[in-house]
Amino acid sequence: MSNFLPNALVRKLGVNPLFDQEAFLEAHENGLKLTSVRLNPYKPVDLDLKLSESVPWCPDAYYLDERPKFTLDPLFHAGCYYVQEASSMFMAHIIKELGLDKEAVKALDLCAAPGGKSTLLNSVLSSDSLLIANEIIKARANILEDNLMRWGLSNTIVTNNDPTAFRRLPGFFDLMVVDAPCSGSGMFRKDEDSIDEWSEANVKLCSERQRRILADVMPGMATHGYLIYSTCSYSEEENEQILDWLMDEYEFESVTIPVEESWGIEVTESKKHEAKGYRFYPHKTKGEGFFVGVLRFKGIQPMFNIKKLKVEKSPVPIESLKHWIKDYQQFSTFVHHDFVHIFPKELEIYIKAAQQVLYLKNAGTMVGKWLGKELLPSHDLALSIHLSKDIPTTELNLKDAQSFLRKEPLDPSLFPENLKGWSLVNYKGQTLGWVKVLGNRVNNYYPKEIRIANL
């Protein structure tokens, strides 16, 4: 690894008399790379991973003693855990301190790919909340969709929109999470190539882009809503100065989030408005560089009249899916791109609102393609936490589970002799996907676009 971090960055950080430059440089030079995972509370299982100490600011999150090959682990593909950088998991602590885990909210994760913060929000927000996870770049939106599908919840919409699109949902969101594109200095230790790409000019460009993104989405903020703003940058121009700008331009107040001294998180204040910020340095915390601040909107934001929306009757009644969905009476259906989706009844009107003004990549849980009298089930349904327990299921060992993930044929002798038709395959009690048993052969329905080519 290069011994030389950008001099301009180190010089600016050194203006703070409490900044330990020697320890900061040493943390980058020693090449230490940490791995942490966050468990899916909706899919409890005894993992094969060697979990070490817990991440103190996030429930169900742990450091690993060593980094395994996650592609070899069927439970990774089943959505039982997410590999996420520990510092960014501080979002869980913020949500709990704001009390947003105890009430139904409408939340937007604006720059959501690859899905770490979205799956975290799925875990810590109340189950009757709505989460819209957005990504502007199409290829990254596909990754976001896959990761949220694995997490298994139906109260989520995945969108692929420019931030300006959310102006068409005025006053809609009780919570906005903006993990803004940044110069990336906080990831120098993890991504050594980014050191050569950093410049003061890029910091300035990122700061300007961050302001544009925030200005574009701000009409969607609800009265008394919360904004969680974060970056993986050390630069004040992208962090504290953005908080000051937000408080200059909009009716925001800073929110203080209590932290334990033992966590090593540095609490800062912006120069103009003394807005609280929370900085993670790799020589002080077990994680990479990260910044986050929390603001509350004090103004009155008009909201469009959602009561004017008309919800059309779905061509596929929920009763037709009762053999596939547990507690099916709690859900409504709608058809999107010829596929049937389910979502909680209480969110029906909100999903209708989003459908009218946003490009939806996915919404709720895609159950499958309705063929008139029968369902061609989707992989989304297989990984959903709402899947019926009455569907035939076959448990696989590790070797056969890995074969299934490669989309290889499975030996018919693995399945009961009297089994015919659709069946699930599990590993350690967690669903991996669908097969169709046809007597002397078994068709593997694992999606080819996500199969493991080299396992």
Side-chain angles (χ1 to χ4, degrees), residues 37-44 55 57-61 79-82 84 88-135 144-145 147-159 166 169 171-179 217 220-230 255 257-258 292-297 303 327 330-331 342-351 353-354 358 360 362-365 383-386:
V37 299
R38 181 171 38 78
L39 310 186
N40 187 339
Y42 295 97
K43 296 184 177 183
V55 177
W57 46 81
C58 182
D60 299 322
C80 297
Y81 62 93
Y82 190 93
Q84 185 177 7
S88 65
M89 297 186 202
F90 187 66
M91 201 78 65
H93 178 68
I94 293 174
I95 296 297
K96 290 183 177 296
E97 288 297 327
L98 296 178
L100 298 180
D101 58 330
K102 296 180 174 63
E103 58 180 291
V105 299
K106 298 185 291 295
L108 170 66
D109 186 0
L110 182 65
C111 311
K117 292 183 179 66
S118 290
T119 55
L120 184 150
L121 290 168
N122 262 170
S123 296
V124 296
L125 291 176
S126 67
S127 59
D128 51 354
S129 293
L130 170 69
L131 171 64
I132 296 183
N134 179 70
E135 174 56 47
L144 172 67
E145 181 182 10
N147 282 325
L148 281 167
M149 175 267 294
R150 289 189 184 102
W151 216 243
L153 277 68
S154 64
N155 61 342
T156 306
I157 303 173
V158 179
T159 61
F166 294 93
L169 289 172
F172 189 81
F173 295 102
D174 308 295
L175 170 66
M176 286 186 179
V177 174
V178 181
D179 186 39
V217 77
M221 176 65 70
T223 300
H224 306 318
Y226 290 98
L227 169 65
I228 301 176
Y229 173 79
S230 63
V255 178
I257 303 297
V292 62
V294 183
L295 301 177
R296 182 174 181 268
F297 185 66
M303 181 178 176
D327 301 325
Q330 299 177 11
F331 297 94
I342 62 165
F343 50 88
K345 280 184 177 180
E346 63 269 19
L347 300 181
E348 185 172 17
I349 193 70
Y350 301 127
I351 290 184
L358 300 172
L360 275 55
N362 203 352
T365 296
L383 297 193
S384 170
I385 64 171
H386 309 295

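Using a 4.5 Å heavy-atom threshold, the side chains of P258 and E97 count as touching. The shortest distance between side-chain heavy atoms of L131 and S118 falls below 4.5 Å. Between V177 and Y229 the shortest side-chain heavy-atom distance does not fall below 4.5 Å. Between K345 and Q330 the shortest side-chain heavy-atom distance does not fall below 4.5 Å. Contact check for Q84 versus K117: side-chain heavy atoms found under the 4.5 Å cut-off. Within the 4.5 Å cutoff, side-chain heavy atoms of I257 are placed close to those of F90. Counting heavy atoms from C-beta on, the side chains of F166 and T159 come closer than 4.5 Å. Between L108 and V217, some side-chain heavy-atom pair lies under the 4.5 Å cut-off.
When the salt bridge (Lys or Arg N to Asp or Glu O under 4.0 Å) test is applied to D60, no partner is found at least two apart in sequence or on another chain.
The neighbour count for F331 CZ, taken as heavy atoms of other residues, nucleotides or ligands under 6.0 Å away, is above 12.
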Just do the side chain to side chain contact (heavy atoms under 4.5 Å, CB included) check on F172 and M303 with the steps written out, would you? CA-CA 6 Å; F172 189 81; M303 181 178 176; 3.9 Å; yes
Stepwise, does the side chain to side chain contact (heavy atoms under 4.5 Å, CB included) test hold for L383 with K43? CA-CA 10 Å; L383 297 193; K43 296 184 177 183; 4.0 Å; yes
Side chain to side chain contact (heavy atoms under 4.5 Å, CB included) assessment of L110 paired with M176: CA-CA 7 Å; L110 182 65; M176 286 186 179; over 6 Å; no
Kindly indicate, with the supporting measurements, whether the criterion side chain to side chain contact (heavy atoms under 4.5 Å, CB included) is fulfilled by V294 and L227. CA-CA 6 Å; V294 183; L227 169 65; over 6 Å; no
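Here L169 contributes atom CG and M221 contributes atom CE; the two are 13.5 Å apart, rounded to the nearest 0.5 Å. For the atom pair OH (Y350) and CD1 (I132), the distance works out to 11.5 Å, reported to the nearest 0.5 Å. Atom CH2 of W151 is separated from atom OG of S384 by 14.0 Å, given to the nearest 0.5 angstrom. I351 CD1 to E346 CD: the interatomic distance, rounded to the nearest 0.5 Å, is 9.5 Å. A distance of 7.5 Å separates CG of L347 from OG of S154, quoted to the nearest 0.5 Å. Of the inter-residue distances, the one linking E103 atom CD with D128 atom CG reads 9.5 Å to the nearest 0.5 angstrom.
Put simply, the side chain of T119 gets close to the backbone of G115: a donor and an acceptor are under 3.5 Å apart. With hydrogens and angles ignored, the 3.5 Å screen pairs a side-chain donor or acceptor of R38 with a backbone N or O of G116. Side chain of N155 to main chain of S129: a donor-acceptor pair is present (N/O by atom type, distance under 3.5 Å, no hydrogens or angles). Here the side chain of N147 pairs a donor or acceptor atom with the backbone of P114 at under 3.5 angstrom. Using a distance-only test at 3.5 Å, with no hydrogens or angles considered, no donor-acceptor pair links the side chain of E135 to the main chain of C111.
Scanning both residues, C58 and L120, for their nearest heavy atoms gives SG-CD1, 4.4 Å. Residues L125 and L100 come closest through the heavy atom pair CD2-O, 3.6 Å. Closest non-hydrogen pair, A354 versus I157, comes out as CB-CD1, 3.9 Å.
Geometric assessment of K106 against the ring of F173 yields a negative cation-pi assignment under the 6.0 Å and 45° thresholds.
No side-chain donor-acceptor contact under 3.5 Å links N40 and S123.
Only one option out of I95, L295, D109 pairs with I228 in a side chain to side chain contact (heavy atoms under 4.5 Å, CB included); it is I95.
Contacts classified as ring-ring contact (aromatic ring centres under 6.0 Å, His included) and involving residues 109-129 (residues at least two apart or in different chains) are not found.
With respect to D101 and K96, a salt bridge is recorded, a charged nitrogen being found less than 4.0 Å from a carboxylate O.
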